[in-house]
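Reading through the structure tokens given below for one structure.
So that the names make sense, note that chain A is the first sequence line, chain B the second, and so on, each numbered from 1.
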Protein chains: 2
Amino acid sequence: MRKKITLKQIARELDVSVSTVSKALSGSKEISEDTTQKIQAFAKLYNYRPNNIALSLKNRKTKTIGILIPEIVHHFFSTVIRGIELIANRRGYNVIVGLSNESFSKEIINMEMLANGSIDGFILSISKETLLKQDYHHFNATINQGIPIVMFDRVVNEVNCDKVIVDDFNGSVKAVKKLIENNCKNIALITTMDYVSVGRLRTQGYIEALEEHKIFADSNLILKIDDSLDVENHLEVLENEIERFFKTNNTIDGVFAVNELYAVTAMKVARKLGLSIPEDIQVIGFTDGVLSKHATPSLTTVSQHGQKMGEQAANLLIDRLEAIDSESDQYIVNDNPKHDFIKIVIETELIERESTK
Amino acid sequence: MRKKITLKQIARELDVSVSTVSKALSGSKEISEDTTQKIQAFAKLYNYRPNNIALSLKNRKTKTIGILIPEIVHHFFSTVIRGIELIANRRGYNVIVGLSNESFSKEIINMEMLANGSIDGFILSISKETLLKQDYHHFNATINQGIPIVMFDRVVNEVNCDKVIVDDFNGSVKAVKKLIENNCKNIALITTMDYVSVGRLRTQGYIEALEEHKIFADSNLILKIDDSLDVENHLEVLENEIERFFKTNNTIDGVFAVNELYAVTAMKVARKLGLSIPEDIQVIGFTDGVLSKHATPSLTTVSQHGQKMGEQAANLLIDRLEAIDSESDQYIVNDNPKHDFIKIVIETELIERESTK
DNA sequence: TTGTAGGCGTTATCAC
DNA sequence: GTGATAACGCCTACAA
């Protein structure tokens with residue numbers, strides 16, 4: 001078992017001082033050709049690599065990004081991570097992942113754990129419970145400690161930081177307009193409860209599109225699913241709710257669902273009720289994941305560009321970290337700087353497949 | 001901007017020494033009631049938390065686990081991460097995630113980056129390219145540095161470490177037997193190329209089940225998909241291959257596919273060819289993900305228990321880390337210890353849904 | 001009861 | 001050209 005070698009060990013072996021070794025390895029020309037050669041050869045032989053932890057302590061930055069998300073077994077979130085990891089790696093950062101599991105307390109614990117020196121900044125999406133409670137003190141506390149945050153997708157006005165979102169509103173508008181153009185007369189919306197900002201915006205888009213076409217937005221055609229309680233037989237409950245909804249509104253000929261699962265389930269229920277897709281009823285979902293691609297019929301969706309969101313978020317965060325860096329070198333940082341926070345809005349696009357005409 | 005406070009700052013403010021503060025905060029009774037009170041109150045007020053990096057440097061352990069997987073936008077892998085994170089968190093560890101993207105060099109780079117002090121041990125699944133090259137020196141090098149590795153799912157005999165796998169062989173046997181019991185006479189196998197151990201084992205299970213029932217394993221009924229090249233229109237290629245396969249073997253009445261995607265695609269193609277499922281052709285997949293649950297008809301699968309694998313892997317790794325810990329405290333560690341490495345095999349089970357009778 | 005000193009691994013500054 | 005020293009933040013054996 002050959003443990004990693006340290007500067008000190010090299011120094012002892014070669015009978016020079018630690019600082020000489022350090023300089024030689026960094027190619028400083030303070031050191032003679034000879035010693036440099038000797039030291040570098042020895043270091044290579046023993047595969048010397050500086051210890052990241054020691055560097056972090058010295059430089060007071062870890063070169064790692066903390067990702068805090070509600071759930072990882074989820075196409076959208078994992079896609080975002082992939083985007084973050086891609087950019088992070090490219091720019092010399094690592095990513096450490098924490099899962100809130102949609103819980104307020106887990107979100108806080110995770111944050112505090114990582115904020116104690118483990119990471120330089122956060123990229124996160126807020127848990128449902130936090131959104132419900134509307135308690136954002138932990139985010140602000142973190143920011144006040146000088147740790148920057150970039151929020152994505154589930155963001156909130158109450159926290160001052162960089163944000164990356166998709167254009168949920170216009171995405172919905174596009175989807176619903178498509179249904180209208182395709183001659184749907186009774187377009188239903190299947191959405192979540194309003195406290196998730198994303199759901200609210202998508203609902204607004206739905207209403208806007210209808211109104212633009214002078215169609216009355218009948219509240220009976222809106223089904224709000226309460227997914228805050230994560231029950232065992234969630235899927236069954238969902239199916240039943242949708243079935244009841246379809247039965248009491250049997251003129252529905254178009255459905256816009258705010259996520260894949262709702263859309264796919266709606267298709268399933270519709271088929272069960274003897275309706276064919278897209279002839280009798282057309283369906284559009286939001287988020288372009290595996291389900292959309294492989295459902296039968298395949299699902300027309302509003303694509304959410306998760307990977308791009310991740311990439312943008314990572315660039316935003318790293319840019320800010322490096323800005324802070326050079327700032328603090330040059331002048332004293334204003335104690336309460338009116339930072340200009342950036343909000344990147346990613347355009348959505350409609351991917352047409354078989355569930356619409 | 002109130003940066004995190006340090007022991008030194010507290011000491012200066014309260015006009016005591018750093019060690020007094022340290023002791024007071026850890027509740028040492030060397031320190032007087034009075035000072036302890038005062039210091040603890042002050043620390044609480046300023047929300048003092050020890051710096052993780054400093055602790056890591058001092059203790060020579062980071063309390064973080066490195067996860068290295070080929071891909072994250074993938075139901076199975078993300079499920080495993082969830083399991084690892086769950087246990088890690090519970091036992092006081094963080095997880096740092098690296099993606100190899102199925103590439104040998106990215107796997108190495110990521111490993112080396114993390115092995116330089118950032119993590120205490122690895123949990124990983126080998127990339128396809130590495131399996132193809134059969135070059136495992138980086139794993140052995142890491143282990144020789146005293147960094148333990150736990151491999152899961154895609155493991156390899158050439159590396160001596162703890163492993164967690166599912167019982168791929170028996171999983172296949174179960175699936176194929178089910179098809180046989182359900183009266184399928186011509187059972188096809190859709191699998192990957194052999195270099196992925198997992199694919200090979202599943203193929204062996206298929207053959208074994210047939211032979212047990214004295215059925216000739218016709219190699220024409222085995223379709224091997226070459227997914228090493230990740231082409232753009234991968235899906236289309238897959239569909240075409242399967243279609244051609246079905247057409248040249250038009251007596252197929254049962255299909256066992258080594259993953260969800262192949263199974264779902266097979267169903268799609270079958271339907272396209274006018275076959276109904278499960279009446280004309282029955283299908284079973286491997287891995288129980290979203291697709292299986294939500295496909296129509298829903299897919300009978302061999303469940304892979306990703307979360308459980310993650311949990312077991314995390315426990316295995318942490319156990320070993322803590323064993324090393326107490327070991328090295330007590331006596332000098334044998335330089336080449338005949339460690340007994342553990343291989344946990346997780347049983348699979350057949351989840352019956354609509355794609356079989 | 002409190003403080004000093006040393007060390008974890010590294011780099012930067014300054015002295016020789 | 002080389003080395004000693006200090007510092008990053010923490011802990012602890014030992015000294016006072």
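By the 4.0 Å N-to-carboxylate-O rule, K106(A) lies close enough to E85(B) to be salt-bridged with it. For the pair E102(B) and R154(B), the salt-bridge criterion is met [side-chain N within less than 4.0 Å of a carboxylate O].
Using a 4.0 Å heavy-atom cutoff across all strands shown, S22(B) reaches at least one base atom of the nucleic acid. Residue contacts shown for L55(A) are limited to sugar-phosphate atoms, with no base heavy atom under 4.0 Å away.
Partners of F104(A) by ring pair (Phe, Tyr, Trp, His ring centres under 6.0 Å), not counting sequence neighbours, listed by chain and number: H138(A). Every residue two or more places apart in sequence or in another chain that forms a ring pair (Phe, Tyr, Trp, His ring centres under 6.0 Å) with Y46(B) is listed here: F42(B). Shown here are the ring pair (Phe, Tyr, Trp, His ring centres under 6.0 Å) partners of F139(A), two or more places apart in sequence or in another chain: there are none. Shown here are the salt bridge (Lys or Arg N to Asp or Glu O under 4.0 Å) partners of D153(B), two or more places apart in sequence or in another chain: there are none. For R49(A), the salt bridge (Lys or Arg N to Asp or Glu O under 4.0 Å) test picks out no residue, with sequence neighbours left out.
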With a cut-off of 3.5 Å and sequence neighbours excluded, list every side-chain donor-acceptor pair involving residues 112-123 of chain A.
{"from": "N116(A)", "atom 1": "OD1", "to": "K4(B)", "atom 2": "NZ", "distance (Å)": "3.0"}
{"from": "N116(A)", "atom 1": "ND2", "to": "E112(A)", "atom 2": "O", "distance (Å)": "2.9"}
{"from": "S118(A)", "atom 1": "OG", "to": "N52(B)", "atom 2": "ND2", "distance (Å)": "2.8"}
{"from": "D120(A)", "atom 1": "OD1", "to": "T62(A)", "atom 2": "N", "distance (Å)": "2.7"}
{"from": "D120(A)", "atom 1": "OD1", "to": "T62(A)", "atom 2": "OG1", "distance (Å)": "2.9"}
{"from": "D120(A)", "atom 1": "OD2", "to": "T62(A)", "atom 2": "N", "distance (Å)": "3.2"}
{"from": "D120(A)", "atom 1": "OD2", "to": "K63(A)", "atom 2": "N", "distance (Å)": "2.7"}

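Rounded to whole Å, the distance from CD1 on I53(B) to P on dT10(C) is 14 Å. Taking atom NZ of K61(A) as the reference point, atom P of dT11(C) lies 13 Å away to the nearest angstrom. Rounded to an integer number of Å, the gap from L7(A) CG to dC8(C) C1' is 13 Å. Atom NZ of K4(B) and atom C1' of dC8(D) are 17 Å apart (whole Å). If you measure from atom CG of N116(B) to atom P of dT10(C), you get 10 Å, rounded to the nearest angstrom. Atom-to-atom, CG of L57(B) to C1' of dC8(D) comes out at 9 Å; the value is rounded to the nearest Å. dA7(D) atom C1' lies 10 Å from atom CZ of R60(A), rounded to whole Å. The nearest whole Å value for the distance from the CG atom in N59(A) to the P atom in dC8(D) is 13 Å.
Judged purely by atom type and a 3.5 angstrom limit, D135(A) uses its side chain to pair as donor or acceptor with the backbone of H137(A). Looking only at distances, no side-chain donor or acceptor of D162(A) sits under 3.5 Å from a matching main-chain atom of L317(A). Side chain of E107(A) to main chain of S127(A): a donor-acceptor pair is present (N/O by atom type, distance under 3.5 Å, no hydrogens or angles). N59(B) contributes no side-chain N or O that, together with a main-chain N or O of K61(B), makes up a donor-acceptor pair within less than 3.5 Å.
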Handout entry: N101(A)/R82(B) under side chain to side chain donor-acceptor pair (under 3.5 Å): CA gap, chis, key distance, verdict
Key = CA-CA 10 Å; N101(A) 203 16; R82(B) 187 212 261 155; 6.0 Å; no
Handout entry: Audit row: V155(B), I126(B), side-chain contact (heavy atoms from CB on, under 4.5 Å) steps and yes/no
Key = CA-CA 7 Å; V155(B) 306; I126(B) 309 178; 5.6 Å; no
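Contacts between residues 9-18 of chain B and DNA chain C, defined by a heavy-atom separation under 4.0 Å, are made by V16(B), S17(B). Contacts of residues 32-50 of chain B with DNA chain C (heavy atom under 4.0 Å): S32(B), T35(B).
Residue whose closest nucleotide on DNA chain C sits further toward the 5' end, between A54(B) and K29(B): K29(B).
Closest non-hydrogen pair, S100(A) versus P70(A), comes out as OG-CA, 3.1 Å.
From one end of the helix from dT1(C)-dA16(D) to dC16(C)-dG1(D) to the other, with five pairs defining each end axis, the axis direction shifts by 70° (rounded to 10°).
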Would you list the protein and nucleotides 5-7 of chain C atom pairs, both N or O, that sit under 3.5 Å from each other?
{"from": "dG7(C)", "atom 1": "N2", "to": "K58(B)", "atom 2": "NZ", "distance (Å)": "3.4"}

Between the protein and nucleotides 14-16 of chain D, which nitrogen or oxygen pairs come in under 3.5 angstrom?
none

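Among residue pairs with one or both ends in residues 32-43 of chain B, those qualifying as side-chain hydrogen bond (donor to acceptor under 3.5 Å, both in side chains) are S32(B)-T35(B); sequence neighbours excluded.
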